[in-house]
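In what follows, a single structure is set out as structure tokens and then discussed.
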Number of protein chains: 2
Amino acid sequence: MAKQNTVFKDAFNRCLKLLEQTANLPSEPELGATLGISRTTVRAILTRLEEVGLLTWEKRRKIVLRKPVAADYFPTEETDSLSEIIERSFMRRILAGGAEPGMQINELELAREIGIGTTSVREFLIRFSRFGLIEKRPNSHWVLKGFTRDFALELTEVREMFELRSATAFARLPEDHPAWQELDAIEAVHHAILADIENRYRDFSELDERFHLLVHRASKNRFIVDFYDVIAIVFHYHYQWNKTNARERNARALEEHLAYIAALRSRDPIEIELACRQHLKSARETLLQSIN
Amino acid sequence: MAKQNTVFKDAFNRCLKLLEQTANLPSEPELGATLGISRTTVRAILTRLEEVGLLTWEKRRKIVLRKPVAADYFPTEETDSLSEIIERSFMRRILAGGAEPGMQINELELAREIGIGTTSVREFLIRFSRFGLIEKRPNSHWVLKGFTRDFALELTEVREMFELRSATAFARLPEDHPAWQELDAIEAVHHAILADIENRYRDFSELDERFHLLVHRASKNRFIVDFYDVIAIVFHYHYQWNKTNARERNARALEEHLAYIAALRSRDPIEIELACRQHLKSARETLLQSIN
DNA sequence: CGTTTGTCTTTTATCGACAATAGACAGATT
DNA sequence: AATCTGTCTATTGTCGATAAAAGACAAACG
């Protein structure tokens, strides 16, 4: 196999979802734009829709013959891109498994274990190296620096610098900047989750990322925004891994976010700094607790 | 060719340099440690030394037969690693050549132009992407964001945050920390260059990197230290590219460094902040001038 | 007994090949 | 006239293969 056809399979599934709602398919270019893929892949999807008897397709005439059923979808395991698979597999190893700092990382072994080629593993490790968890010895192996206390402290130190600056910049955004609307939307979701915290506390992780990314974007600095990737991936896997007291922790974080949002609205630098620091401090503590 | 033997050639050349000074070669492991290579490569070097009649080698008996001459060395073009070649080639294109922001970057074209495989180009681009100058469209090309005014401003904004914090941390290093000695050594080189500025002003670039890296290291934060790579590469190529008023500019920077070093020694936070800001401000201005 | 050497195995860096995907262009359709 | 479709080409993502380099281990040496 030269290239996985995960783009095709994933887009096919999303196309089926579209078909559940509407029985009308737009033109090829439009469908491509909707699904975020090229026309080549759109046509591959249409061809398959015809093959499985969901569609008659001739030039512009596209007639949906029936509603899609579960069996029409590709299994979700097949729709993940290779890099997602590698990332998950790798993170599980270094977060969950007994991964000692200083351990060697072997490209070939990793590749065999996941069942993929070495090229993909190498490219992943290179991309991943910017997260500061691994380091390359040229012409030799990678070294795992580990998800240690030091790592967490260094990460949060930079995070606090960047987020304070971003929050200050946020307050200076013009009244009509779309970020304020997005902030309203985010605040509403906070209230919604808090109102049903027992069932919905797991939705916090995604919301957290959405909120902080919005704040960071206000810095209009690519390095600050890019750095948020590091924070996001660490917290993402941290939430998956450490579930102790998740409900209470998330509830508290939601409240802190609300205070933080209110401070942003006030545009008062002092208040913003206070609310921001307060929240970042508890985020840091949560992270540190999960390490030791 | 599967792998370049640049490690061998480069180490061979360095070994010849050793032979110019001493006529005695140590054991294989020791030589390997000196040259920073494995024993396998050491033995390849010894074999070649024998082939070209520089050495008789049998087990522990290594007898140097003559001094190496210029013709014994591998040409320098052959000792650069592939990634260095790609980097130079790429930087020339995007800094010197008419590289408009928004331009597409084509892996295949780049590879053909440099005369190497696509894998190496891809890996380079992935590594390079953390410098914020290019961006990937998945399943499609890379986009050049360009060495623009915005780029320089964003870069220097973060640089200033990081360096101020590092400088403050530097002042808190214990009296006996090796960084203070290194600072003395660096200061001495400053005086030496200033004393012969007409001839030596080109040495500033390297010294600049050495000094600022030392300061950044005091932060003991991998993200801050790693970020210095971005600064270093930008200034490195910037110095190569923009030579107008280089002598005066470097002389001024050297003076600013000396003031900055004195401030660090004073350990007075206010003085440090002042000297640091002053220097970073002119560094930023120099960079900006070269852009428009 | 601690190094050093000889030999062998494993891993990395790089290439070329090929399927998946993107993208270009001319002719067809409304 | 604008958009869509058919067809074709170019580029990306991934693999396996291979030379260079690293590294393991036992026998030899001092």
Side-chain angles (χ1 to χ4, degrees), chain A residues 1-11 26-32 35-46 57-62 81-83 85-86 104-112 114-126 136-142, chain B residues 1-11 26-32 35-46 57-62 81-83 85-86 104-112 114-126 136-142:
Chain A
M1 330 147 223
K3 202 177 180 179
Q4 318 281 109
N5 56 353
T6 54
V7 172
F8 162 70
K9 286 178 176 171
D10 180 59
S27 74
E28 295 170 18
E30 204 182 322
L31 194 51
L35 297 171
I37 54 178
S38 76
R39 243 187 80 222
T40 306
T41 310
V42 169
R43 301 187 111 234
I45 290 172
L46 292 173
W57 172 40
E58 204 204 341
K59 304 195 173 180
R60 294 170 201 222
R61 284 252 123 65
K62 307 190 190 77
S81 82
L82 242 194
S83 37
I85 295 172
I86 303 177
Q104 293 185 10
I105 298 168
N106 187 315
E107 294 176 2
L108 205 56
E109 189 187 320
L110 252 178
R112 279 192 291 241
I114 312 179
I116 59 177
T118 48
T119 313
S120 309
V121 171
R122 299 194 92 218
E123 290 186 0
F124 167 77
L125 291 172
I126 294 171
K136 177 124 190 77
R137 299 287 146 85
N139 287 309
S140 183
H141 50 262
W142 293 80
Chain B
M1 328 148 228
K3 201 177 181 178
Q4 317 283 108
N5 56 352
T6 55
V7 172
F8 162 70
K9 287 178 176 171
D10 181 58
S27 74
E28 295 172 17
E30 204 181 322
L31 193 52
L35 297 171
I37 54 177
S38 76
R39 244 187 80 222
T40 306
T41 309
V42 168
R43 301 187 112 235
I45 290 173
L46 292 173
W57 171 40
E58 202 204 344
K59 304 195 174 181
R60 295 170 201 223
R61 283 255 122 64
K62 304 190 191 78
S81 82
L82 241 194
S83 37
I85 295 172
I86 304 177
Q104 295 185 8
I105 297 168
N106 187 314
E107 292 176 3
L108 205 56
E109 191 187 318
L110 253 177
R112 279 192 291 241
I114 312 181
I116 58 177
T118 48
T119 312
S120 309
V121 170
R122 300 194 88 215
E123 290 186 2
F124 167 76
L125 292 172
I126 294 171
K136 177 124 191 77
R137 300 288 145 84
N139 288 308
S140 183
H141 50 263
W142 292 80

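By convention in this document, chain letters (A, B, ...) are assigned in the order of the sequence lines, proteins followed by strands, and residues within each chain are numbered from 1.
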note = Smallest heavy-atom separation, A:Phe8 atom then A:Thr41 atom, equals CA-CG2, 3.8 Å
request  = Just do the side-chain contact (heavy atoms from CB on, under 4.5 Å) check on B:Arg112 and B:Asn106 with the steps written out, would you?
outcome  = CA-CA 10 Å; B:Arg112 279 192 291 241; B:Asn106 187 314; 5.6 Å; no
inquiry  = From CD of A:Glu30 over to P of D:dA2, roughly how many Å is that when rounded to an integer?
reply    = 18 Å
ask   = NZ of A:Lys3 versus P of C:dT21: gap in Å, rounded?
value = 6 Å
key: Pairwise 5' ranking along DNA chain C for B:Thr118 and A:Arg112, keeping only the more 5' one   = A:Arg112
message = On a heavy-atom basis, which atom in A:Lys62 and which in A:Glu28 lie closest, and how many Å separate them?
response = NZ-N, 4.1 Å
5′-ward residue of the pair A:Ser27/B:Arg39 relative to DNA chain D = A:Ser27
key: Under-4.0 Å side-chain N/O to phosphate OP1/OP2 contact, A:Asn106 with C:dT12   = yes
Whole-Å distance separating the CH2 atom of B:Trp142 from the P atom of D:dA10 = 23 Å
query = Quick one: A:Leu82 CG to C:dT21 P, roughly how many Å, whole number?
reply = 12 Å
key: DNA chain C: 5'-proximal contact among B:Glu123 and A:Thr40 (nearest heavy atom)   = B:Glu123
request  = Could you check which of D:dA17, C:dA17, D:dG23 has an atom nearest any side-chain atom of A:His141?
outcome  = D:dG23
request  = Determine: side-chain N/O of B:Thr41 to OP1/OP2 of D:dA22, distance under 4.0 Å, yes or no.
outcome  = yes
query = In whole Å, what is the span from the CG atom of A:Asn5 to the P atom of C:dA22?
reply = 12 Å
query = Which heavy-atom pair separates B:Ala11 from B:Ile37 by the least distance, and what is that distance?
reply = CB-CD1, 3.7 Å
query = Does A:Lys59 or A:Thr6 map to a spot on DNA chain D nearer the 5' end, using the closest nucleotide for each?
reply = A:Lys59
ask   = In whole angstroms, how far is the C1' atom of D:dA21 from the CD atom of A:Glu107?
value = 13 Å
remark   = Of all heavy-atom pairs linking A:Ile86 and A:Val121, the shortest is CD1-N, 4.3 Å
inquiry  = Base, sugar-phosphate or nothing for B:Lys9? Non-hydrogen atoms, less than 4.0 Å.
reply    = nothing
query = Nearest of D:dA17, D:dA22, C:dT11 to any side-chain atom of A:Asn139?
reply = D:dA22
query = Does B:Lys62 place a side-chain N or O at less than 4.0 Å from the phosphate oxygens OP1/OP2 of C:dT5?
reply = yes
Nearest-Å distance for atom pair CD/C1', residues A:Gln4 and D:dT12 = 13 Å
A:Thr119 side-chain proximity, nearest of D:dT14, C:dT3, C:dA24 = D:dT14
request  = Provide, to the nearest angstrom, the distance between the CD atom belonging to A:Glu109 and the C1' atom belonging to C:dT9.
outcome  = 15 Å
task = Output the distance between atom CD1 (A:Ile105) and atom CZ (A:Arg137), rounded to the nearest 0.5 Å.
result = 11.0 Å
inquiry  = Side chain of A:Ala2 only, heavy atoms from C-beta on: which candidate in C:dC15, D:dT5, C:dC18 is closest?
reply    = C:dC18
remark   = Closest to the side chain of B:Ser120, out of C:dC18, C:dA22, C:dC15, is C:dC15
